[in-house]
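Just follow the structure's listing: the first ligand is 1, and inside any ligand the first atom is 1.
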Amino acid sequence: MARVDLDEVRKVYPNGYVGVAGATFEVADGELLVLVGPSGCGKSTLLRMIAGLESISGGTLRIGDRVVNDVAPKDRDIAMVFQSYALYPHMSVAENLAFGLKLRGHDRGTIEARVREAAATLELDQLLDRKPGQLSGGQRQRVALGRALVRNPQVFLLDEPLSNLDAKLRMSMRVEIARLHRQLGATMIYVTHDQIEAMTLGQRIVVLDRGEIQQIDTPMALYERPANLFVATFLGSPAMNVLRGRLAREDGWALALDDGTRLPLAGEAGLREDWAGRELDVGIRPEHLQRAEAGGFAPTVEVVEPVGNEVFVNLRQGAHPLIARLPPGELPQPGAALPLRLDAAHLHVFDAGTGLRLDA
Ligand SMILES: Nc1ncnc2c1ncn2[C@@H]1O[C@H](COP(=O)(O)OP(=O)(O)OP(=O)(O)O)[C@@H](O)[C@H]1O
Ligand SMILES: [Mg+2]
């Protein structure tokens with residue numbers, strides 16, 4: 001296995017479009033790193049540059065200790081798994097698994113042993129004689145993974161490998177990939193636009209937006225201390241509430257919204273004097289809007305969504321929609337006012353102009 005090291009790696013497409021603007025990060029040996037971001041942010045471009053399928057316009061890419069900017073894909077010792085499984089329909093599962101090894105001129109004994117081993121790891125033993133057309137989506141996905149596995153590469157690159165599967169299968173394959181990663185101790189770079197997949201699978205996550213890296217950290221660190229408004233609202237479901245306003249200090253702190261409403265805050269932990277009066281975007285995770293007996297503020301309940309173990313309550317405070325995540329129990333009624341408590345300690349405070357976290 002090997003580490004992967006990117007130093008200001010850039011992609012400018014021939015039409016001048018900047019697909020990736022100077023990406024710098026290192027993937028440690030044996031790490032599972034996730035690249036996440038919305039559609040078109042440059043995830044595949046970045047992964048394809050690492051794979052060698054896309055030329056690098058600037059910067060340095062190393063795999064292990066070797067600079068590979070100009071090394072052909074087949075000589076980079078990587079294996080890539082695509083969203084479209086790209087299996088050969090006329091070949092059996094066994095032949096599909098063996099194909100890449102045959103091309104590389106491995107001997108028959110090695111090929112058979114590696115195919116057997118990969119099939120056992122991925123529980124494909126019973127399916128080796130079938131054609132891809134005779135497999136379920138999840139089984140096909142496992143074959144696609146198996147094709148990468150038999151290569152025993154230094155680095156695995158996976159580009160949205162689960163997005164063709166239904167939600168339930170995606171979840172079980174996710175666990176499968178995490179288990180595989182642990183078992184192999186492999187270096188893996190995993191691309192997804194799905195923030196839940198990113199959070200559950202990544203040891204660290206690189207968040208991309210419009211070709212630029214927004215933040216790199218562990219899942220929980222990203223969730224608890226997003227560096228900017230983009231990361232704050234991209235990770236987390238339901239998404240973080242954001243209110244534009246000013247913090248004011250009188251008999252205690254309050255958040256004054258631009259429509260004149262004042263939301264009193266409980267406590268003052270984490271708040272700084274010099275934030276008062278400044279225009280801010282204030283973020284509150286849905287689980288941090290807690291029910292209160294009295295005091296606080298009381299937005300109007302619009303839609304109640306019970307999901308069993310918790311309840312999402314869609315609210316309106318003047319012009320501002322809010323969402324709260326409450327424990328199950330007595331469901332609030334649409335149209336009623338729901339008293340809530342806003343803890344100062346749970347606020348995420350961003351500059352309204354730059355979107356950057358103020359206490360970063
Ligand atoms: N050959 C090209 N020429 C010009 N622009 C391109 C080219 N290929 C891709 N792009 C643009 O580069 C940007 C990044 O594309 P990329 O495929 O990396 O996005 P992505 O993050 O993988 O998105 P998705 O989640 O939809 O797969 C997009 O805006 C895309 O339109
Ligand atoms: Mg893509």
Side-chain angles (χ1 to χ4, degrees), residues 4-25 27 32-61 63 68-70 72-73 76 78-87 137 140-141 144-145 147-148 155-167 169-171 173-174 177 188-202 204-217 219 222 226-237 239:
V4 178
D5 190 25
L6 287 84
D7 186 12
E8 287 296 320
V9 170
R10 267 171 79 74
K11 178 68 191 184
V12 184
Y13 281 109
N15 64 358
Y17 185 81
V18 180
V20 174
T24 300
F25 59 89
V27 192
L32 201 173
L33 181 100
V34 172
L35 298 178
V36 73
S39 181
C41 71
K43 306 178 294 292
S44 296
T45 303
L46 193 48
L47 201 70
R48 290 170 56 82
M49 283 195 285
I50 298 170
L53 302 174
E54 197 72 72
S55 66
I56 295 175
S57 315
T60 311
L61 170 67
I63 297 178
V68 295
N69 285 45
D70 299 314
R76 290 191 187 191
I78 47 102
M80 185 147 168
V81 181
F82 299 91
Q83 171 178 354
S84 62
Y85 319 137
L87 301 179
R140 270 178 234 169
Q141 191 55 63
L145 276 173
R147 261 194 333 195
V155 181
F156 287 86
L157 305 175
L158 302 106
D159 193 352
E160 312 239 12
L162 307 184
S163 52
N164 284 336
L165 306 178
D166 66 47
L169 197 52
R170 223 161 49 213
M171 219 151 131
M173 283 302 295
R174 197 167 81 202
I177 289 177
M188 290 186 175
I189 306 179
Y190 187 103
V191 161
T192 179
H193 63 271
D194 179 342
Q195 49 103 4
I196 306 262
E197 214 166 276
M199 293 289 284
T200 51
L201 210 45
R204 282 189 311 149
I205 299 176
V206 175
V207 185
L208 272 175
D209 184 37
R210 290 184 249 167
E212 302 209 19
I213 294 181
Q214 303 295 311
Q215 195 173 0
I216 307 178
D217 217 323
L222 290 176
N228 61 37
L229 209 47
F230 176 83
V231 177
T233 51
F234 185 74
L235 298 176
S237 172

From CA spacing to verdict: side-chain contact (heavy atoms from CB on, under 4.5 Å), Gln83, Ser163: CA-CA 7 Å; Gln83 171 178 354; Ser163 52; 3.2 Å; yes
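Note: no N/O pair closer than 3.5 Å links Gly19 and ligand 1 by distance alone. Polar contact check, His193 against ligand 1: no nitrogen or oxygen pair lies under 3.5 Å apart. Considering backbone and side-chain atoms alike, Pro14 places every N or O at 3.5 Å or more from each N or O of ligand 1.
Here Glu160 has side-chain heavy atoms under 4.0 Å from ligand 1, and that is the only part of it that gets that close. With a 4.0 Å heavy-atom cut-off, ligand 1 is reached by the side chain of Asn15 but not by its N, CA, C or O.
With Tyr190 as the fixed residue, the side chain to side chain donor-acceptor pair (under 3.5 Å) test singles out one of Glu197, Lys43, Arg174: Glu197.
Of the protein's non-hydrogen atoms, Lys43 NZ, 2.8 Å is the one closest to atom 25 (O) of ligand 1. From the protein, the heavy atom lying nearest to atom 26 (O) of ligand 1 is Ser39 OG, 2.5 Å. Nearest non-hydrogen protein atom to atom 14 (C) of ligand 1 is Gly40 O, 3.4 Å. Looking from atom 10 (N) of ligand 1 to the surrounding protein, the closest heavy atom is Tyr13 CE1, 3.4 Å.
Within the 4.0 Å heavy-atom cutoff, Gly37 does not count among the residues contacting ligand 1.
Every atom of ligand 1 is numbered from 1 in the order shown, and the set under 4.0 Å from a heavy atom of Ser44 is 17 (O), 18 (O), 20 (P), 22 (O), 27 (O). Under a 4.0 Å criterion applied to the non-hydrogen atoms of Cys41, ligand 1 contributes the atoms 19 (O), 21 (O). Under a 4.0 Å criterion applied to the non-hydrogen atoms of Thr45, ligand 1 contributes the atoms 14 (C), 15 (O), 16 (P), 18 (O).
Of all non-hydrogen atoms in Cys41 and Leu208, the two that sit nearest each other are SG-CB, 3.7 Å.
Counting protein heavy atoms under 4.0 angstrom from atom 30 (C) of ligand 1 gives zero. Protein heavy atoms come within 4.0 Å of atom 20 (P) of ligand 1.
Counting heavy atoms from C-beta on, the side chains of Met173 and Leu145 come closer than 4.5 Å. A 4.5 Å side-chain heavy-atom check between Leu46 and Val191 finds every atom pair outside the cut-off. Looking at heavy atoms from C-beta onward, Arg48 lies in side-chain contact with Met80 at the 4.5 angstrom threshold. Between Asp7 and Thr24, some side-chain heavy-atom pair lies under the 4.5 Å cut-off. The closest side-chain heavy-atom distance from Gln215 to Asn228 is not below 4.5 Å. Considering only heavy atoms from C-beta on, His193 stays 4.5 Å or farther from Phe234 through its side chain.
Atoms CG and CD, on Leu87 and Gln141 in that order, are 8.5 Å from each other to the nearest 0.5 Å.
Counting backbone and side-chain atoms alike, Ser44 contributes an N/O/S atom closer than 2.8 Å to the Mg ion (ligand 2).
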